[in-house]
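Written out below as structure tokens is the structure these notes cover.
Heavy-atom basis, side chains included; hydrogens, waters and symmetry copies ignored. Every chain is numbered from 1, with letters handed out A, B, ... down the list of sequences.
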Protein chains: 2
Amino acid sequence: MTTEPAFIDLLRTIATDPSARGLDDDAAVLTIDKQTLVLTKDMLVEGVHFLPDDPPADIAWKLVAVNASDLAAKGATPLACLTGHSLSRDADWDAAFVQGLKAALDHHGLLLIGGDTVSVPPGQARVLSLTAIGLPSVPVPPSRSGALVTDGLFVTGTIGDGWAGLTLLQTGKTEPATLIAAYRRPKARIADGAALAQVAHAVMDVSDGLLIDAARMARASGLAVRIDLAQVPLSPDFVATIGSDQAAAIAAATGGDDYQLLFAADAEAHLPVPARRIGGFTQGEGLTLSWNGMPIETPEKLGWLHG
Amino acid sequence: MTTEPAFIDLLRTIATDPSARGLDDDAAVLTIDKQTLVLTKDMLVEGVHFLPDDPPADIAWKLVAVNASDLAAKGATPLACLTGHSLSRDADWDAAFVQGLKAALDHHGLLLIGGDTVSVPPGQARVLSLTAIGLPSVPVPPSRSGALVTDGLFVTGTIGDGWAGLTLLQTGKTEPATLIAAYRRPKARIADGAALAQVAHAVMDVSDGLLIDAARMARASGLAVRIDLAQVPLSPDFVATIGSDQAAAIAAATGGDDYQLLFAADAEAHLPVPARRIGGFTQGEGLTLSWNGMPIETPEKLGWLHG
């Protein structure tokens with residue numbers, strides 16, 4: 001069995017062009033003459049990233065949103081995409097999928113320009129992919145690795161809503177609608193990403209979990225990061241449903257599926273978008289947590305680990 | 001069950017931008033300011049496009065070659081690509097795959113700049129994809145739909161070698177090496193494609209079978225096409241192994257996996273690359289076949305139909 005990190009290590013030995021950014025960023029940044037493009041490709045697998053009975057329109061939405069979120073993290077405006085589709089056993093499923101695809105493409109400003117469709121053998125999981133291309137708002141899109149030792153760590157929006165939505169669905173609940181929508185129909189922070197690219201030193205989107213993604217940014221930047229969990233922004237519906245104590249905050253910060261933007265910026269900078277300061281960087285390595293300033297233990301699971 | 005054509009019809013209702021070329025070409029052609037890009041995305045599914053015991057390095061090679069061939073058909077020089085990979089149960093498989101990937105990327109001039117890796121549930125088929133980006137050699141890359149009624153139909157190289165290689169492997173043979181290599185390690189006709197883009201009125205690559213692909217070019221161009229099967233170029237090893245009679249030519253022309261370039265050009269044009277004239281276009285629709293000028297029946301199966 002190969003793990004995802006081990007396989008990416010193999011790929012890194014051949015992806016040596018600077019545009020690949022060491023396969024360590026949300027997206028590739030390719031410059032052709034004077035035109036710079038941001039490119040990303042994310043896949044969703046039935047039974048892994050979505051369930052067979054999830055609404056197909058929502059699966060299509062998510063496929064688009066997770067890719068658009070990678071573009072947003074690099075401050076890029078979505079432009080065009082190509083799909084990769086496993087044909088369904090069910091014509092209604094495919095029709096609903098295309099409907100959701102159209103809604104998500106329209107919302108995120110992506111043109112569908114091509115792709116491939118395959119039949120898979122009976123009983124096989126659907127494998128869906130998208131390749132998305134965007135245009136950066138600054139000449140050099142922010143990486144994950146640019147955090148400075150004096151920077152604060154900030155996050156947009158609220159954290160944990162997508163995880164809460166999934167948890168509710170898994171227990172048969174369909175309310176509150178905001179949490180369900182956060183899970184099923186996340187919206188990439190495109191305008192925020194474009195604005196942040198101007199001032200942030202490092203940006204990534206929160207997809208696998210706030211803690212694991214923050215730890216990745218710190219490692220890529222050669223620094224340690226500290227987070228005060230009491231500062232993690234929670235939505236009113238999250239607080240009403242899950243709570244606001246330490247356990248709730250840990251669940252929010254490790255659940256993933258947020259598609260908010262996590263960024264490093266001068267702690268005193270005037271930020272162009274609403275964002276919460278949740279911590280900062282220091283010399284060293286690793287992640288340390290506190291709760292209203294009191295050190296607390298780091299949970300064993302920081303987020304969703306692949307492979 | 002949705003068929004591939006039915007699903008693509010659904011996608012066409014949303015892929016209305018001209019860069020999508022009606023989802024009816026080998027690749028998309030996207031212009032950003034003054035930079036035009038050619039983009040394609042092809043997938044390979046275990047058990048459908050390759051067998052579980054095919055050598056992984058050869059599968060990787062083919063994944064790259066089929067995408068590079070789409071770029072070649074549009075006269076584009078390969079530039080960069082993103083992979084989509086289903087993690088293997090077998091670390092040796094993945095290591096050999098990456099080795100073949102590197103060889104094929106180097107051969108075709110593609111930089112690996114990103115992608116995604118997923119775990120699939122146990123017992124599931126591998127689904128592999130590549131998105132490839134190329135730079136066109138002419139301002140408007142040739143489509144499939146530009147054939148003129150006075151044009152001849154031409155093809156590069158020889159036809160049927162890939163099919164013959166597969167047939168040999170399926171019967172336990174590993175010789176002649178040229179036929180096995182044509183199946184396992186096809187080479188996209190990149191330089192030929194760039195040269196043909198200057199003079200051809202319509203170009204596509206032969207992937208599903210010469211006859212079905214020629215019929216598609218004719219339909220896209222609003223014309224009928226005629227092919228003299230005796231003119232279909234066969235390699236010496238194909239002739240020695242399979243033969244050169246009408247049945248052999250039909251097998252070659254319907255087997256697929258050729259990755260040669262099929263093109264429409266002025267019948268008297270001076271061609272910049274070696275190519276064989278195998279037929280021509282007329283008013284009307286459909287495909288008619290002859291053998292040394294004598295009309296023959298069109299076989300029921302023109303090539304490899306998906307879905």
Side-chain angles (χ1 to χ4, degrees), chain A residues 1-4 6-8 10-11 13-15 17 19-20 23 27-28 30 32-33 35 37 39-43 45 47-49 79-80 82-91 94-95 98 101-102 105 111-121 124-125 127 129 131 133 135 306-307, chain B residues 1-4 6-8 10-11 13-15 17 19-20 23 27-28 30 32-33 35 37 39-43 45 47-49 79-80 82-91 94-95 98 101-102 105 111-121 124-125 127 129 131 133 135 306-307:
Chain A
M1 185 67 192
T2 316
T3 61
E4 180 170 340
F7 186 71
I8 294 171
L10 281 177
L11 288 180
T13 64
I14 58 178
D17 191 76
S19 54
L23 302 183
L30 180 68
I32 305 162
D33 292 336
Q35 183 66 59
L37 302 172
L39 303 107
T40 186
K41 177 169 183 168
D42 266 5
M43 303 164 75
V45 179
V48 179
H49 305 92
L79 175 63
L82 299 94
T83 58
H85 192 82
S86 292
L87 273 181
S88 180
R89 291 75 70 189
D90 174 353
D94 285 327
V98 172
L101 190 65
K102 176 168 170 46
L105 294 175
L111 300 170
L112 178 64
I113 64 170
D116 195 16
T117 304
V118 294
S119 302
V120 295
Q124 296 289 312
V127 177
S129 68
T131 307
I133 302 154
L135 299 180
H306 305 273
Chain B
M1 185 67 195
T2 316
T3 62
E4 179 169 343
F7 187 72
I8 293 171
L10 281 177
L11 289 180
T13 64
I14 58 177
D17 191 77
S19 53
L23 301 183
L30 179 68
I32 304 162
D33 293 335
Q35 183 65 59
L37 303 172
L39 302 107
T40 186
K41 176 169 182 167
D42 266 5
M43 301 165 77
V45 179
V48 178
H49 304 93
L79 174 63
L82 298 94
T83 57
H85 192 81
S86 293
L87 273 181
S88 179
R89 289 77 67 190
D90 174 354
D94 285 327
V98 172
L101 190 65
K102 175 167 171 48
L105 294 175
L111 301 172
L112 177 64
I113 63 169
D116 195 17
T117 304
V118 294
S119 301
V120 296
Q124 297 287 313
V127 177
S129 68
T131 307
I133 302 154
L135 299 179
H306 305 271

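Contacts between A/V98 and chain B at a heavy-atom distance below 4.5 Å involve backbone atoms as well as side-chain atoms. Heavy-atom distances place the side chain of A/A80, and not its backbone, under 4.5 Å from chain B.
Partners of A/A95 under the side-chain contact (heavy atoms from CB on, under 4.5 Å) rule, at least two apart in sequence or in another chain, are B/L10.
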**Request:** Walk me through it: do A/V127 and B/V45 pass the test side chain to side chain contact (heavy atoms under 4.5 Å, CB included)?
**Result:** CA-CA 10 Å; A/V127 177; B/V45 179; over 6 Å; no
**Message:** Test side chain to side chain donor-acceptor pair (under 3.5 Å) on B/T83 and A/K41; report intermediate values, then the result.
**Reply:** CA-CA 8 Å; B/T83 57; A/K41 177 169 183 168; over 6 Å; no
**Item:** Derivation and outcome, side chain to side chain contact (heavy atoms under 4.5 Å, CB included), residues B/T40 and A/L82
**Value:** CA-CA 8 Å; B/T40 186; A/L82 299 94; 5.6 Å; no
**Request:** Apply side chain to side chain contact (heavy atoms under 4.5 Å, CB included) to B/I133 and A/L39, showing your working.
**Result:** CA-CA 11 Å; B/I133 302 154; A/L39 303 107; 3.2 Å; yes
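With rounding to the nearest 0.5 angstrom, the OG1 atom of B/T117 is 8.0 Å from the CE atom of A/M43. Taking CD1 of A/I8 as the start and CG of B/D116 as the end, the distance is 7.5 Å to the nearest 0.5 Å.
In terms of heavy-atom pairs under 4.5 Å with chain B, the best-connected choice from A/G84, A/G114, A/S86, A/A6 is A/G84. For the set A/L30, A/D42, A/L23, the count of heavy-atom pairs under 4.5 angstrom toward chain B peaks at A/D42.
Side chain of B/D17 to main chain of A/L111: no donor-acceptor pair is present (N/O by atom type, distance under 3.5 Å, no hydrogens or angles). Judged by distance alone, with hydrogens and angles left aside, the side-chain atoms of B/Q35 form no donor-acceptor pair with the main-chain N or O of A/Q35 at under 3.5 Å.
Side-chain contact between A/V48 and B/V118: absent, with no pair of heavy atoms (C-beta onward) separated by less than 4.5 Å. When side chains are defined from C-beta on, A/L101 counts as touching B/L11, because their heavy atoms get closer than 4.5 Å.
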